[in-house]
Structure formats: C-alpha cells, structure tokens
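In the text below, chain A, chain B and the rest are named by the order of the sequence lines, each starting its count at 1. All figures in this text were calculated on a predicted structure; none of them were measured in a lab. Every heavy atom of this structure was used, including side-chain atoms; hydrogens, water molecules and symmetry mates were not.
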There are 2 protein chains.
Amino acid sequence: MRNTRQRQVVLDIVRSTNTHPTADWVYEQARKVIPNISLGTVYRVLGRLQEEGLVMQLDDGSRKSRFDGHPGPHQHIICERCGRIADVPDVVDQAATERVQQMTGYQVSAHRVEWFGLCPECQQGG
Amino acid sequence: MRNTRQRQVVLDIVRSTNTHPTADWVYEQARKVIPNISLGTVYRVLGRLQEEGLVMQLDDGSRKSRFDGHPGPHQHIICERCGRIADVPDVVDQAATERVQQMTGYQVSAHRVEWFGLCPECQQGG
DNA sequence: GTGAAAATGGGAACGAGTATCATTGCTGTT
DNA sequence: AACAGCAATGATACTCGTTCCCATTTTCAC
Ligand SMILES: [Mn+2]
Ligand SMILES: [Mn+2]
Ligand SMILES: [Zn+2]
Ligand SMILES: [Zn+2]
C-alpha cells in the first residue's frame, strides 16, 4: 500500500466531517485540492480504506453509499426527509448476538442497525 | 388501486417463498404464468406493494434489492458467502428506541437490523 | 355497455459504481 | 542520485439494476 497524495487527501476529507458524505461529495472536495483527481480514484481509495478498517460504508436507503471516516462500534439514525445522518451508540449487546446465533445457526460476524425518523430541524418545518 | 392479474401474480409469488428473492427472480417466476409480463411492471407492482405495507424491501449489501412478502416486525441475517437470508426476531425494544430518541432529538419512526455471518451450509465448506 | 382513469409492455434512458489500460510516480535497491 | 519494478492514477468505456416514457390495453364505477 503506497502513500499517495490522492489517498492522503481522500482520507483527510472523509475524516474532516461527520456528515457521512457520499462518494460524489468526497470527489468534489478532493478536486479543490487535486483538480484532476478522478472519480474512479476516489472510489478505489474509499474501497481500500474500508478494507483496512479506516472507513465505514453506510446505506441510507437510497442508491448511493455514504462513507464514515470515524469507524468503530456505533450506529446511525437517518432523517427520512433531508437525509441527515447522526451517530448513535450500539444497542445490540453480546447476549443478543448469541441468541441470534443459537436461533439461526449462522456464525455471526457483524451487525448493522439503522434508525429512521425526522431530525430536529425537519420536525420544525411542517 | 386496481386489482390486475399482474399484481395478483406478483403478490402470490412474493408470498410463496421465504427466500427474500430479488426482483429478477420474481420476474422469472411471473413469466411462467404471464409470459409477456414486463420487468418494469414487476418493479412497479413491488414498489406499490411496499407502499401498502404488504411487502418489505431489503438491502443485502449488494446492488440488488431483495423483497419479503411476509412483512411485520422481524429482522434479517445474511450469509456473507452465499447471500442466503434468514429471519430473526427483533432485538430492539421500546426502551432502546426511547433512549435513541432522547439522545439524538430525532423522532424515530422505524429501525432496521441486519446481521451478517456464515449460514450453516457455508460453515461446512472450508 | 361506456368512458375515464389507471396499469401495462416494450424499450430507451439513467446513474452509481466498476473495469480497462496506457501513463505516472512511489519506494526500495544499488 | 539514478534505476527498476510495480502499485496507483486519470480518462473513459462499460455494466446492470432500476426508473422513465408513452402508445395501447385493461379495469371498474356508472
Ligand atoms: Mn458515524
Ligand atoms: Mn423476512
Ligand atoms: Zn432532516
Ligand atoms: Zn451461506
């Protein structure tokens, strides 16, 4: 794994925000620093960062992936109106995991929780 | 909402299995009954059934949606090798929901849990 | 039956993401 | 510092699940 300028810029960007941005947003930001960086490179770098565990990839219910430069055991709540994503602590404990394992026979390696609702801002505007 | 042959066939198919099939699989099954049914119609009907709450739409991590003709409060565990999806009871309770609501300020309307792991069959084959 | 509105079929279009490949530029070695 | 090897990049073509379009068909309230 080589330490390229592109890799460093993408990592910095995805770590600089807590908005869980799309690949396209990361791309737009990256172009401000490296104007001719390609979208393919952004996807390639984000994919590699995810494999290395430096980035989480989220699904907000739309077709676009969203990325989180602050990995670690936490979950997400997504506003159904504006798409805003906030962090939420994990509510699934070891006992629940073992229960699921017992019941299904699956060997559980991970879980993911998404909450949906209205963010405070969107609750205001009828 | 009109009760068309296409709608009835798609609903029957998606209710006839517990494999959480893809739109394409539903389409192939439907063609056995209505040979010239179009894929667009299958998508349209599935989308409408979901709006009506008769069908759940799942995300298995791949690019394809999967559909569940047995909606209601339950969750899913997905095999990371073969993609098989099994049902799992919900481990998230009212207390957890209220805690999340308090902490984030979001008004929670739904949640989704996906477990990942190896199904019993895939644990066998090295 | 008749008419208005909704649904369909077929095919084109869309778009997020992936693949390809010639070129570039890290990095370890001399 | 030059070099060699090879991983990473930029540009662009491609994939394919899903959505859109519209002329035609079908449903259903009357
Ligand atoms: Mn997060
Ligand atoms: Mn299910
Ligand atoms: Zn919002
Ligand atoms: Zn399996």
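The separation between A:Asn36 atom CG and C:dT23 atom P is 16 Å, rounded to whole Å. The nearest whole Å value for the distance from the CZ atom in A:Arg31 to the P atom in D:dG10 is 12 Å. In this structure, A:Gln8 atom CD and C:dC26 atom C1' are separated by 14 Å, rounded to whole Å. In this structure, B:Asp24 atom CG and D:dT15 atom P are separated by 17 Å, rounded to whole Å. Nucleotide C:dG9 holds its P atom 5 Å from the CD1 atom of B:Ile37, rounded to whole Å. A straight line from NZ of A:Lys64 to C1' of C:dC14 spans 13 Å, rounded to a whole angstrom. One can place CG of B:Leu46 at 11 Å from P of C:dT8, the figure rounded to the nearest angstrom. Going from atom CD1 of B:Ile34 over to atom P of D:dT25 covers 17 Å, rounded to whole Å.
The residue among B:Met1 and B:Arg63 whose nearest nucleotide of DNA chain C is located toward the 5' end is B:Met1. Between A:Val45 and A:Arg2, it is A:Arg2 whose nearest contact on DNA chain D lies nearer the 5' terminus. Ranked by how close their nearest DNA chain C nucleotide is to the 5' end, B:Gly40 and B:Thr4 are led by B:Thr4.
Within the 4.5 Å cutoff, side-chain heavy atoms of A:His76 are placed close to those of A:Leu58.
OP1 or OP2 of D:dT18 sits under 4.0 Å from a side-chain N or O of B:Tyr43. Taking 4.0 angstrom as the limit, A:Gln6 places a side-chain polar atom (N or O) nearer than this to OP1 or OP2 of D:dG10. The side chain of B:Ser65 places no N or O atom within less than 4.0 Å of a non-bridging phosphate oxygen (OP1 or OP2) of D:dG17.
When only modelled atom types and interatomic distance are considered, B:Thr22 and B:Asp24 share no side-chain donor-acceptor pair under 3.5 Å.
Across all strands, B:Asn3 comes closer than 4.0 Å only to sugar-phosphate atoms, never to a base (heavy-atom distances). Within 4.0 Å of B:Leu39, counting heavy atoms only, lies at least one base atom of the nucleic acid. Using a 4.0 Å heavy-atom distance criterion, A:Arg5 is classed as making no nucleic acid contact.
Side-chain atoms of B:His74 come within 3.5 Å of backbone N or O of B:Gly72 as a donor-acceptor pair. Judged purely by atom type and a 3.5 angstrom limit, B:Gln50 has no side-chain atom pairing as donor or acceptor with the backbone of B:Val55. The backbone N or O of A:Gly105 sits less than 3.5 Å from a side-chain atom of B:Gln123, completing a donor-acceptor pair.
A donor-acceptor contact under 3.5 Å links the side chain of B:Arg44 to the base of C:dG9.
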